[in-house]
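Worksheet: one structure, shown below.
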Amino acid sequence: IFLPSLSLSFSLYFSSSLPPRLSLHVFCPGLGLTGIPVFNVNNNCSSGSSALMLARLLTQGAYDCVLAIGFEKMERGLSERYPEKTSPVGRHVDVLDELGAKPGLVGPGMNNWTSAVIKMFAYAAREHFAKHNTNVSQLAKITEKNRRHGANNPRASHQKALPLSVIAPSDGTGKVAGSQRVVCDPITLAMSAMTADGGAAALLCSEEFVIRRGLQKTAVEIVAQEMTTDLPSTFNGISGFSAVCGVDMARDAAEKVYRQSGLEPRDVDVLEVHDCFSCNELFMYEALGLCREGDSGRLVDNGRWIPNKQGGEVFQLDKRWVVNPSGGLESKGHPIGATGLAQCAELNWQLRGVAGKRQVEDARVALQHNFGLGGAAVVTMYRRPASYPNLQQFNRETYLARARL
């Protein structure tokens, strides 16, 4: 479709394998040289959702149709290509040391940056275990769930389910079953999102544009969206390792989204959350309001597999929520610039009812959480077309009358 009013918002996280000067004009010449505005966005792992947010804001003002694109060509692990530059997570690493994390690399072949990120989440998991009596078995169940979901996702990097015996340590000694190893106690290799190459995109339109193009049947509404950046609790050491990992940011953004939308956690049917490690998904059950603080382990243990009409099955928490039906980052991989928009795509497919064997039946409301260290948490609430009457009542004649005004 030729879109003469198209403005292009471009999400690109420059991994160290790419020269910093690269932009859409160099990387995607096939989109054409149209002269339209282009914006490059870099917000670490939340780059995709940051582009989505900026694109949405543009459709509320100057432009009818905005395209957000995210992609990534990754190296092995996280890069330290430019050590002479100030690190955007330097203060986070300092807090990690102040809180008592063991210095040094977590294993052979791991650089300082990769080791620091793994330790942030591993120590936050230990902290949660000690405070709330959660355990590694619950983390393994989350990974098992995500890998079984990913087996039904043709876009996932991992499309094979893993049994619990392979995912989790076999005992308390640090020994593991099968081929998996402990990366940093209690996180095993299977509980970690792998680096991956990938891309995703989302087209955002004003309500008037949707009506003019007759897109009501497939349009999905973003009813609320908030970004929260680092808070004082991230660095004061009082809130512990979880605050360094963005739990407070996620909670703050989610609370604002619920207020803005007028919806509650119980209204949500399906979620895509940032499971860079399975423990972060556990943290998000609490931060996003699915349960009280400390109850996330119970939520996992009481979950159940339910069949859908497409011949697949999904894992349901508390007889209500399905989290990461895409398989999450643990199955899809984590191409940093694309992840937030890939989450957006999955939730749109879910709300349109076209997700195949991973379909959440009759999904009406969806919630997305995307997090980037350094630091930003973006939470977005979506709703399917049948849920909002303004588009159903807003016919072409009404639009034309408003356009004449």
Side-chain angles (χ1 to χ4, degrees), residues 74 76-77 106-107 109-110 114 117-118 121-122 125 129 134-198 270-285 296-297 299-308 310-317 321-335 339 342-343 346 355-360:
M74 296 284 290
R76 289 178 62 88
V106 297
M110 298 281 188
T114 304
V117 172
I118 293 172
F121 289 92
F129 289 1
T134 42
N135 56 66
V136 69
S137 174
Q138 291 157 344
L139 302 188
K141 289 177 182 178
I142 290 173
T143 297
E144 181 199 31
K145 178 263 297 181
N146 286 336
R147 291 295 294 268
R148 283 178 67 175
H149 281 164
N152 288 323
N153 186 354
R155 295 175 177 83
S157 295
H158 287 307
Q159 297 180 30
K160 183 179 180 181
L162 280 181
L164 286 171
S165 61
V166 173
I167 296 168
S170 57
D171 54 40
T173 66
K175 297 179 180 179
V176 297
S179 61
Q180 296 302 322
R181 62 183 176 86
V182 174
V183 180
C184 184
D185 184 43
I187 295 174
T188 67
L189 194 61
M191 297 175 188
S192 313
M194 66 176 182
T195 56
D197 301 337
V270 56
L271 302 91
E272 285 285 314
V273 306
H274 196 93
D275 62 317
C276 47
F277 302 96
S278 58
C279 58
N280 200 45
E281 181 170 326
L282 187 81
F283 306 155
M284 289 306 108
Y285 296 162
S296 53
L299 207 62
V300 175
D301 288 336
N302 293 339
R304 60 175 185 169
W305 287 96
I306 59 172
N308 59 25
Q310 287 71 36
E313 58 180 358
V314 292
F315 191 78
Q316 193 178 60
L317 298 173
W321 301 289
V322 175
V323 180
N324 285 338
S326 69
L329 280 61
E330 292 172 81
S331 291
K332 292 183 300 183
H334 185 18
T339 287
Q343 292 176 317
E346 175 66 25
K357 288 186 176 182
R358 62 186 188 279
Q359 180 66 50
V360 177

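Because the structure is a prediction, the values reported are computed rather than measured. We number each residue from 1, following the sequence as shown.
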In chain order, what residues pass the ring-ring contact (aromatic ring centres under 6.0 Å, His included) check against Phe121, with sequence neighbours excluded?
Phe277
I'd like to check the side chain to side chain donor-acceptor pair (under 3.5 Å) partners of Ser192; sequence neighbours left out, ordered by chain and number.
none
Using modelled atom types and a 3.5 Å cut-off, is there a donor and acceptor pairing between side-chain atoms of Gln138 and backbone atoms of Asn135?
yes
Leu282 versus Gly297, closest heavy-atom pair with distance:
CD1-N, 4.0 Å
Indicate yes or no for a side-chain donor-acceptor contact from Asp197 to the backbone of Met74 under 3.5 Å, with no hydrogens or angles considered.
yes
Of all residues at least two apart in sequence or in a different chain, which pass the ring-ring contact (aromatic ring centres under 6.0 Å, His included) check with Phe315?
Trp305
If I compare all heavy atoms of Leu299 with all of Leu317, which pair ends up nearest, and what's the gap?
O-CD2, 3.4 Å
Return the minimal non-hydrogen interatomic distance between Leu139 and Pro186, and the atom names on each side.
CD1-CG, 4.0 Å
Ala193: partners by side-chain contact (heavy atoms from CB on, under 4.5 Å), with sequence neighbours left out
Leu329, His334
Decide yes or no for Lys145 and Asn324: does some side-chain heavy atom of the first lie under 4.5 Å from some side-chain heavy atom of the second?
yes
Mind checking what makes side chain to side chain donor-acceptor pair (under 3.5 Å) contact with Arg155, not counting sequence neighbours?
none
Taking Asn308 for its side chain and Lys357 for its backbone only, find out whether a donor-acceptor pair lies under 3.5 Å.
yes
Going by the side chain to side chain contact (heavy atoms under 4.5 Å, CB included) test, name the single residue among Ile142, Ile167, Ile187, Thr188 that passes it with Ser278.
Ile142
May I have all residue pairs that pass salt bridge (Lys or Arg N to Asp or Glu O under 4.0 Å) and include part of residues 321-334, sequence neighbours excluded?
Glu272-Lys332
For Met194, which residues count as a side-chain contact (heavy atoms from CB on, under 4.5 Å) partner, sequence neighbours excluded?
Ser157, His158
Those residues that, when tested against Lys141, pass salt bridge (charged side-chain N to carboxylate O under 4.0 Å, His left out) (two or more places apart):
Asp301
Indicate the atoms forming the closest heavy-atom contact of Cys184 with Ile118, along with that distance.
CB-CG2, 3.6 Å
Only counting residues at least two apart or in another chain, list the ones meeting side-chain contact (heavy atoms from CB on, under 4.5 Å) with Pro307.
none
With the side chain counted from C-beta on, respond yes when Val183 and Leu189 share a heavy-atom pair under 4.5 Å apart, and no when they do not.
yes
Can you tell if the side chain of Met191 reaches within under 4.5 Å of the side chain of Cys279, non-hydrogen atoms only?
no
Those residues that, when tested against Gln359, pass side chain to side chain donor-acceptor pair (under 3.5 Å) (two or more places apart):
Gln350
For Glu346 versus Ala355, what's the shortest heavy-atom pair and its separation?
OE2-CB, 4.4 Å
Short side-chain to backbone donor-acceptor contact, Arg147 and Lys160, under 3.5 Å:
yes
Minimal heavy-atom distance between Asp185 and Val182, with the atoms involved, is N-CG1, 3.4 Å
Any residue meeting side-chain contact (heavy atoms from CB on, under 4.5 Å) with Ala151, in chain and number order, not counting sequence neighbours
none
Looking at side-chain heavy atoms only, is the closest gap between Gln310 and Asn152 below 4.5 Å?
no
Kindly indicate, with the supporting measurements, whether the criterion side chain to side chain donor-acceptor pair (under 3.5 Å) is fulfilled by Glu281 and Asn146.
CA-CA 10 Å; Glu281 181 170 326; Asn146 286 336; 3.0 Å; yes
Indicate yes or no: at least one non-hydrogen side-chain atom of Leu271 is less than 4.5 angstrom from one of Met284.
no
Applying side chain to side chain donor-acceptor pair (under 3.5 Å), name anything that partners Glu313, two or more places apart in sequence or on another chain.
Arg148
Would a 4.5 Å heavy-atom cut-off, applied to side chains only, mark Ser331 and Asn153 as touching?
no
